[in-house]
Engineer: 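First, the structure itself, so that you have it in front of you.
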Amino acid sequence: MGSELRNLRQQYFLVYGIEGAIAPFLPVVLATQLGLGRGEIGTVVAMGGLAILITPVLLGAVADTDRRETRLLAGILVGTAVSLLAMTGLEGFGAGLIVFGLYSLAFEPTKSLQDSLFFTAKRSAAGLEHVSFHQVRVWGTLGFLLPGVALYLPLSLGTGTWIVLAVAAGMAVLSAGNALRLPQPARPSAGSGAATPPGLGRSLGRAWKVARRPRLAVFGIAMLLLQMAMSAYLAFYPLYVTDVVGVDVRWLGLIANLGVGLEVGYMALYGWLIRRLGWRRLMVTSALAQGSRMLALAVWPTVGVVLGTQLVHGYVVITTLVAARVFLDAQAEPGMRHALQGLYTMVVIGGGRVAGSFLGGLVAARDLQWLFGVAAVAAVVAAFLLAWTFGEDEHIPG
C-alpha cells in the first residue's frame with residue numbers, strides 16, 4: 001500500500017499545485033505574456049471556463065470504457081503542460097483565446113478523473129480499502145499553497161511572469177509522469193465471465209439515469225446552489241474587500257491564504273467530524289455556515305468580518321469538495337463511476353460557476369452587499385434541501 005498511497009498523494013499535490021500557480025496570477029499573466037486588455041482577458045477566461053461543461057463528462061465516460069485511466073490522465077496533463085508553455089511565446093487575442101481554451105480543455109477534467117480513479121482503486125487495490133478520501137485530498141490543499149510561496153521571491157526580484165507558466169508546466173509534467181505510476185484497477189479478462197466495460201454512450205446514459213434519481217437530483221440542486229454562492233463570492237470578494245471595506249489590494253493574497261491554510265486543519269478533522277456529526281448534520285451545518293458567512297459580509301462590511309469569515313472557509317470546502325464526492329461515489333455503479341463524477345463536475349461545478357458568476361454580476365452591478373445577501377439565501381435553501389437528502393444518517397465509506 002505504501003507506494004500506491006504515496007503516488008496518489010503526490011498526484012493530488014502536483015495537480016492542485018498547477019492550479020495554485022496559475023489562479024492567483026492569471027489576469028496578470030494574460031496581460032503581460034499575451035498582451036491582452038481587460039475586456040479581452042474577461043472574454044478569454046469566460047470562454048476557457050466553458051471547458052468544464054465539455055471535457056470532464058466526456059473524458060469521464062471515456063475512462064469508463066476499456067481504456068487505461070492512468071494513461072488518459074497522463075495524456076491530458078501533457079496537453080496541459082504544452083498549452084502552458086505555448087503561452088510564453090504567443091501574443092494577441094486570437095492566440096490567447098485558442099491556447100487558454102486548449103489549456104482549460106486539458107486541465108479541467110484532471111480533478112474529477114483523479115477523484116474517480118481514487119475511488120475505483122480503493123475498491124480494487126489491496127491495502128487502500130481503509131484509506132479515506134480526505135487523507136489523500138488534503139495533499140491537494142498543500143499543493144495549492146506551495147507555488148504562491150515559491151513564486152514570491154522570483155517575482156519580487158523582477159523575474160517576468162513567464163516563471164508562473166514555467167512552474168505550472170513543470171508541475172504538469174511531473175504529475176503526468178506520476179499518473180503512470182498510480183494504481184490501475186484490474187480489467188476483466190476475456191472469457192472470465194465478468195461484465196465487459198460499457199461503451200461511451202452507455203456509460204453516459206447510465207450516469208444520467210442514476211443522477212436523475214430523486215435523492216441524487218435534490219442533492220445536485222442543493223450543491224448547485226452552494227456552488228453558485230461560492231462562485232459569486234470568489235468572483236466579487238476581492239472587489240468587496242477593496243472597494244466596500246477599503247482594504248489595500250496588497251493584502252488580498254494573505255487574506256485568501258488564511259482561509260486556504262485553515263482548510264488543511266478542516267481536512268485533517270474530516271473523519272472526526274463525520275463520526276461526531278453524521279452526514280446530515282455535517283452537510284446542513286456546512287451550508288448554514290456558508291449562509292452565515294455571506295450574510296455577515298452583506299450586513300457588516302468591516303475588516304473583522306472579512307477576516308472572521310475566513311475561519312469557516314475550510315468547513316465549507318470539506319463538504320463541497322470532499323464529502324460531496326464521497327457521497328456521489330457511494331451512489332455510483334460499476335462501469336459509470338468516472339462518468340458520474342464528470343457529470344457532476346459539468347452540471348454542478350461548471351453550471352454553478354457560470355450561473356453564479358453571471359447572475360452575481362447582475363446583482364453586483366447594483367450593490368456588492370446585496371450580492372452576498374442573495375448568496376446567503378441560496379445557501380439557506382441548499383441547507384433545507386440537504387436536510388431532506390440526508391433524512392436518515394448512514395455510513396458512507398470513503
Side-chain angles (χ1 to χ4, degrees), residues 5 8-9 11-13 15-17 19-20 23-24 111-112 114-115 118-119 131-149 219 222-223 225-227 229-231 233-234 237 253-297 304-330 344 348-349 352 375-376 379-380 382-383 386-387 390 393 395-398:
L5 181 58
L8 281 165
R9 286 171 171 170
Q11 191 65 26
Y12 275 81
F13 184 90
V15 165
Y16 279 89
E19 188 172 44
K111 288 177 281 187
S112 58
Q114 69 183 15
D115 286 348
F118 165 80
F119 290 119
V131 178
S132 295
F133 181 44
H134 72 283
Q135 294 173 320
V136 174
R137 176 58 180 79
V138 67
W139 288 85
T141 301
L142 294 171
F144 187 92
L145 288 170
L146 177 66
V149 176
F219 171 77
M223 299 310 294
L225 289 171
L226 283 179
Q227 181 62 40
M230 181 63 81
S231 295
Y233 166 82
L234 292 173
Y237 179 73
L254 292 177
I255 292 172
N257 279 343
L258 172 63
V260 177
L262 291 172
E263 183 184 318
V264 177
Y266 280 106
M267 287 283 184
L269 290 172
Y270 171 79
W272 180 83
L273 288 168
I274 284 285
R275 291 191 298 272
R276 290 286 295 177
L277 300 178
W279 276 87
R280 189 170 192 248
R281 278 190 289 178
L282 177 67
M283 299 300 291
V284 171
T285 55
S286 174
L288 292 176
Q290 177 75 321
S292 300
R293 179 191 194 187
M294 298 296 104
L295 182 61
L297 291 169
V305 169
V306 165
L307 295 175
T309 52
Q310 290 295 319
L311 298 177
V312 299
H313 174 78
Y315 192 54
V316 176
V317 166
I318 62 170
T319 54
T320 55
L321 298 184
V322 179
R325 294 291 191 181
V326 173
F327 172 72
L328 197 67
D329 180 74
Y344 177 85
V348 174
I349 306 299
V380 171
L386 289 169
F390 297 94
D393 274 322
H395 173 70
I396 300 175

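We use all heavy atoms of the structure for the numbers below, so side chains are in, but hydrogens, waters and symmetry mates are not.
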Engineer: Keeping Ser292 on the side-chain end and Leu288 on the backbone end, is there a donor-acceptor pair under 3.5 Å?
Structural biologist: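 Side chain of Ser292 to backbone of Leu288, a donor-acceptor pair under 3.5 Å: yes, one is there.
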
Engineer: In sequence, state the C-alpha distance, the side-chain angles, and the governing distance for Met294 and Leu297, and then conclude on side chain to side chain contact (heavy atoms under 4.5 Å, CB included).
Structural biologist: CA-CA 5 Å; Met294 298 296 104; Leu297 291 169; 4.2 Å; yes

Engineer: State, with a plain yes or no, whether a side-chain heavy atom of His313 is found less than 4.5 Å away from one of Leu262.
Structural biologist: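 A side-chain contact under 4.5 Å is absent here.
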
Engineer: As an exercise, state the distance from CE of Met283 to OG1 of Thr319, rounded to the nearest 0.5 Å.
Structural biologist: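 Here the rounded value is 5.0 Å.
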
Engineer: Are Asp115 and Tyr12 close enough that some pair of their side-chain heavy atoms sits under 4.5 Å apart?
Structural biologist: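 Yes, their side chains come closer than 4.5 Å.
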
Engineer: Nearest 0.5 Å please: distance from the CH2 atom of Trp139 over to the CD atom of Gln11.
Structural biologist: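 Rounded to the nearest 0.5 Å, the CH2-CD separation comes out at 14.0 Å.
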
Engineer: For the residue pair Leu386 and Ala287, what are the closest heavy atoms and their distance?
Structural biologist: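 That closest heavy-atom pairing would be CD1-CB, 4.1 Å.
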
Engineer: Taking all non-hydrogen atoms of both residues into account, name the closest pair between Leu226 and Ala382 and its distance.
Structural biologist: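 For Leu226 and Ala382, the tightest heavy-atom pair comes out as CG-CB, 3.8 Å.
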
Engineer: With a 4.5 Å cut-off on side-chain heavy atoms, are Glu19 and Lys111 touching?
Structural biologist: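 Touching, per the 4.5 Å side-chain cut-off.
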
Engineer: Between Val317 and Met267, does the side chain to side chain contact (heavy atoms under 4.5 Å, CB included) criterion hold? Intermediate values first, please.
Structural biologist: CA-CA 9 Å; Val317 166; Met267 287 283 184; 4.2 Å; yes

Engineer: Would you say the side-chain atoms of Arg293 and Tyr233 include a donor-acceptor pair closer than 3.5 Å?
Structural biologist: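 The criterion, which ignores hydrogens and geometry beyond distance, is satisfied for Tyr233 and Arg293.
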
Engineer: Give the C-alpha distance, both sets of side-chain angles, the deciding distance and a yes or no for side chain to side chain contact (heavy atoms under 4.5 Å, CB included) between Phe13 and Leu142.
Structural biologist: CA-CA 6 Å; Phe13 184 90; Leu142 294 171; 4.2 Å; yes

Engineer: Considering non-hydrogen atoms only, spot the tightest contact between Ala324 and Met223 and give its length.
Structural biologist: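 Heavy atoms only, the tightest pair is CB-CE, 3.9 Å.
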
Engineer: Write down the atom of Gln135, the atom of Arg9, and the distance for their closest heavy-atom approach.
Structural biologist: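 Between these two residues, the closest heavy atoms are O-NE, 3.7 Å.
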
Engineer: Please report the shortest heavy-atom distance between Leu8 and Val136, naming the atom on each side.
Structural biologist: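 Reported closest heavy-atom pair: O-CG1, 3.9 Å.
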
Engineer: Ring centroid separation for Phe390 and Phe327, is it under 6.0 angstrom?
Structural biologist: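 Distance test on ring centres: under 6.0 Å, yes.
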
Engineer: Would you give the length of the straight line joining atom CH2 of Trp272 to atom CG of Leu277, rounded to the nearest 0.5 angstrom?
Structural biologist: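 Those atoms lie 7.0 Å apart.
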
Engineer: List for me each residue that meets side chain to side chain contact (heavy atoms under 4.5 Å, CB included) alongside Tyr266, sequence neighbours excluded, and say none if there are none.
Structural biologist: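 Tyr315, Ile318.
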
Engineer: For the NE2 atom of His134 and the CG atom of Leu273, what is their distance to the nearest 0.5 Å?
Structural biologist: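 Rounded to the nearest 0.5 Å, the NE2-CG separation comes to 9.5 Å.
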
Engineer: Once you measure the plane-to-plane angle for Phe133 and Phe119, does it fall in the parallel (<30°), tilted (30-60°) or perpendicular (>60°) bin?
Structural biologist: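 It falls in the tilted class, 30° to 60°.
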
Engineer: For Ile274 and Trp279, which heavy atoms make the closest approach, and how far apart are they?
Structural biologist: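 Minimum heavy-atom separation between Ile274 and Trp279: CD1-CE2, 3.8 Å.
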
Engineer: Taking the inter-plane angle between the rings of Tyr344 and Phe219 on a 0 to 90° scale, is it parallel (under 30°), tilted (30 to 60°) or perpendicular (over 60°)?
Structural biologist: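 Taking Phe219 first and then Tyr344, their aromatic rings lie parallel (interplane angle under 30°).
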
Engineer: Does one side chain, of Ser286 or Gln290, offer a donor that lies under 3.5 Å from an acceptor on the other?
Structural biologist: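 Judged by distance alone, the side chains do not pair up.
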
